[in-house]
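Residues: numbered from 1 along the sequence shown. The shown structure was predicted, so the numbers you read here are calculated from the model rather than taken from an experiment.
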Amino acid sequence: MTDAAEAAAGEEDPVALFENLEIELDEDGIALVTINRPKALNALNGEVLDELREAIVELAFDAEVKVIVITGAGDKAFVAGADIAEMADLSPLEARGFSQHGQGTFATIEECPKPVIAMINGFALGGGLELALACHLRVASTEARLGLPETSLGLIPGFGGTQRLTRLAGTGVAREWILTADLYGAAEAHRVGVVNRLAEPEELWETTRKLALTIASRGPQAQRMALDVIRTGLQTGQTEGENAESDAFGLIFSTDDMKEGTAAFLEKRVADFSGR
């Protein structure tokens, strides 16, 4: 936790820590992180990237948090992209640094030990789609529009989009989306596997929260290990991934959650996981 976070730990309103984010935690352990720059269509600049990274780290270590949901303020945009005004005059070396900045923040999200869901409520373009791809799951409004339009600006995706979209939807989809710079409706994004679930705009939060509650009811230790093993397999290969799986499968037998989960199944009751 940062010095600023420690100093504010006793304050009633932790949201005051962030200029561009709003954070709400409900009684079920669902943390809603809202990027709050609606006038800029929630575009990502360096400050937002820093705040997102800090927020995810703090929520990951908060014992009350079970699932994290990331969305954008308003109904027009999840995140419309990186802040072009901030990028336009960068030197090649500065641009490389900005790319690494975004990649670092999104790696923090992807490596979060708690499930992270992107709730896509409008445009998810460029860096916005890359943010959604870094989340573990994606729920989109049927009116959402998604795409990586960078090549239409003479750019390429720089926050991991070339890699994550390829792994998620395959090389054919990734090449088409990146090379055409076209925007795609939520239904098409769902068809190719970029989006997990669709919801009507007025039901987006309800649908996302229902998914989050289901996830929150499962064993947190098992979820942490599963996310880690999946990521290991993606970064290495199937053999290495299966070795990591066996290691994690053995380790999970040392946890209280495993003992509680199996006992609850045998006793035909709902498990009460402690996260230990």
Side-chain angles (χ1 to χ4, degrees), residues 1-2 4-6 8-18 20-36 51-73 78 105-121 131-132 134-141 195-197 199 203-231 248 251-252 254-265 269-276:
M1 185 177 289
T2 64
E6 289 175 353
E11 297 180 4
E12 294 183 358
D13 184 14
V15 175
L17 290 172
F18 302 105
N20 302 285
L21 305 180
E22 292 182 356
I23 302 178
E24 303 171 52
L25 177 62
D26 69 17
E27 67 279 4
D28 295 305
I30 312 302
L32 178 63
V33 179
T34 303
I35 300 171
N36 189 26
E51 290 188 3
L52 266 175
R53 189 172 195 166
E54 182 177 348
I56 294 299
V57 170
E58 292 186 9
L59 293 172
F61 283 97
D62 188 330
E64 295 184 8
V65 175
K66 296 180 180 179
V67 179
I68 301 167
V69 177
I70 298 177
T71 194
F78 169 72
T105 293
F106 292 177
T108 298
I109 294 170
E110 185 173 52
E111 294 167 7
C112 181
K114 296 178 180 179
V116 183
I117 302 171
M119 185 171 73
I120 303 170
N121 51 316
L131 168 58
C135 297
H136 302 133
L137 297 169
R138 287 151 294 281
V139 180
S141 160
V195 167
N196 295 93
R197 299 189 181 187
E203 298 173 356
L204 181 59
W205 170 238
E206 180 182 350
T207 299
T208 305
R209 190 170 188 277
K210 183 178 179 181
L211 174 61
L213 287 172
T214 297
I215 293 171
S217 71
R218 311 312 189 199
Q221 287 280 21
Q223 290 178 337
R224 179 182 64 78
M225 291 188 189
L227 288 172
D228 188 56
V229 169
I230 291 168
R231 185 171 61 253
L251 185 59
I252 202 72
S254 69
T255 66
D256 291 342
D257 275 0
M258 176 271 171
K259 295 178 176 63
E260 166 61 15
T262 54
F265 176 81
R269 61 176 174 81
V270 176
D272 182 17
F273 293 112
S274 64
R276 295 191 296 271

side-chain contact (heavy atoms from CB on, under 4.5 Å) against [X], all qualifying residues, sequence neighbours excluded:
| X | result |
| --- | --- |
| Thr34 | Glu22, Leu32, Thr71, Ala73 |
| Ala264 | Glu260, Arg269, Ala271 |
| Leu213 | Asp28, Ile30, Arg209 |
| Ala60 | Cys112, Pro113 |

Restricting to side-chain hydrogen bond (donor to acceptor under 3.5 Å, both in side chains), what partner residues turn up for [X], sequence neighbours left out?
| X | value |
| --- | --- |
| Asp257 | none |
| Gln223 | none |
| Thr108 | Arg53 |

Results of salt bridge (charged side-chain N to carboxylate O under 4.0 Å, His left out) for [X] - residues two or more places apart only:
| X | value |
| --- | --- |
| Glu51 | none |
| Arg231 | Asp228 |
| Asp62 | none |

Any sub-3.5 Å donor-acceptor pair from [X]'s side-chain atoms to [Y]'s backbone N or O?
| X | Y | result |
| --- | --- | --- |
| Thr214 | Lys210 | yes |
| Lys114 | Ile68 | no |
| Asn196 | Arg138 | yes |

To the nearest 0.5 Å, tell me how far [X] [atom1] sits from [Y] [atom2].
| X | Y | atom1 | atom2 | result |
| --- | --- | --- | --- | --- |
| His136 | Ile109 | NE2 | CD1 | 9.0 Å |
| Ile70 | Thr208 | CD1 | OG1 | 12.5 Å |
| Phe18 | Asn36 | CZ | CG | 13.0 Å |
| Met119 | Ser141 | CE | OG | 10.0 Å |
| Leu25 | Lys66 | CG | NZ | 10.5 Å |

Would you name the heavy atoms of [X] and [Y] that are closest together and state the gap between them?
| X | Y | answer |
| --- | --- | --- |
| Ile23 | Ala55 | CD1-CB, 3.9 Å |
| Phe78 | Asn121 | CA-OD1, 3.2 Å |
| Val229 | Ala248 | CG2-CB, 3.7 Å |
| Phe273 | Pro220 | CB-CD, 3.8 Å |
| Ala132 | Ile120 | CB-CD1, 3.9 Å |

Determine whether [X] and [Y] make a side-chain contact, defined as any pair of heavy atoms from C-beta on separated by less than 4.5 Å.
| X | Y | answer |
| --- | --- | --- |
| Val33 | Leu59 | yes |
| Thr105 | Leu131 | no |
| Leu211 | Ile117 | yes |
| Asn20 | Leu52 | no |
| Met225 | Leu251 | yes |

> Just wondering, are more than 12 heavy atoms of other shown residues or ligands nearer than 6.0 Å to NZ in Lys259?
Replying inline: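 Count over threshold, so yes.
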>> Can you confirm whether Glu206 is buried at CD, in the sense that more than 12 heavy atoms of other residues, nucleotides or ligands lie under 6.0 Å from that atom?
In response: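 Counting neighbours around CD of Glu206, 12 or fewer heavy atoms of other residues, nucleotides or ligands fall under 6.0 Å, so no.
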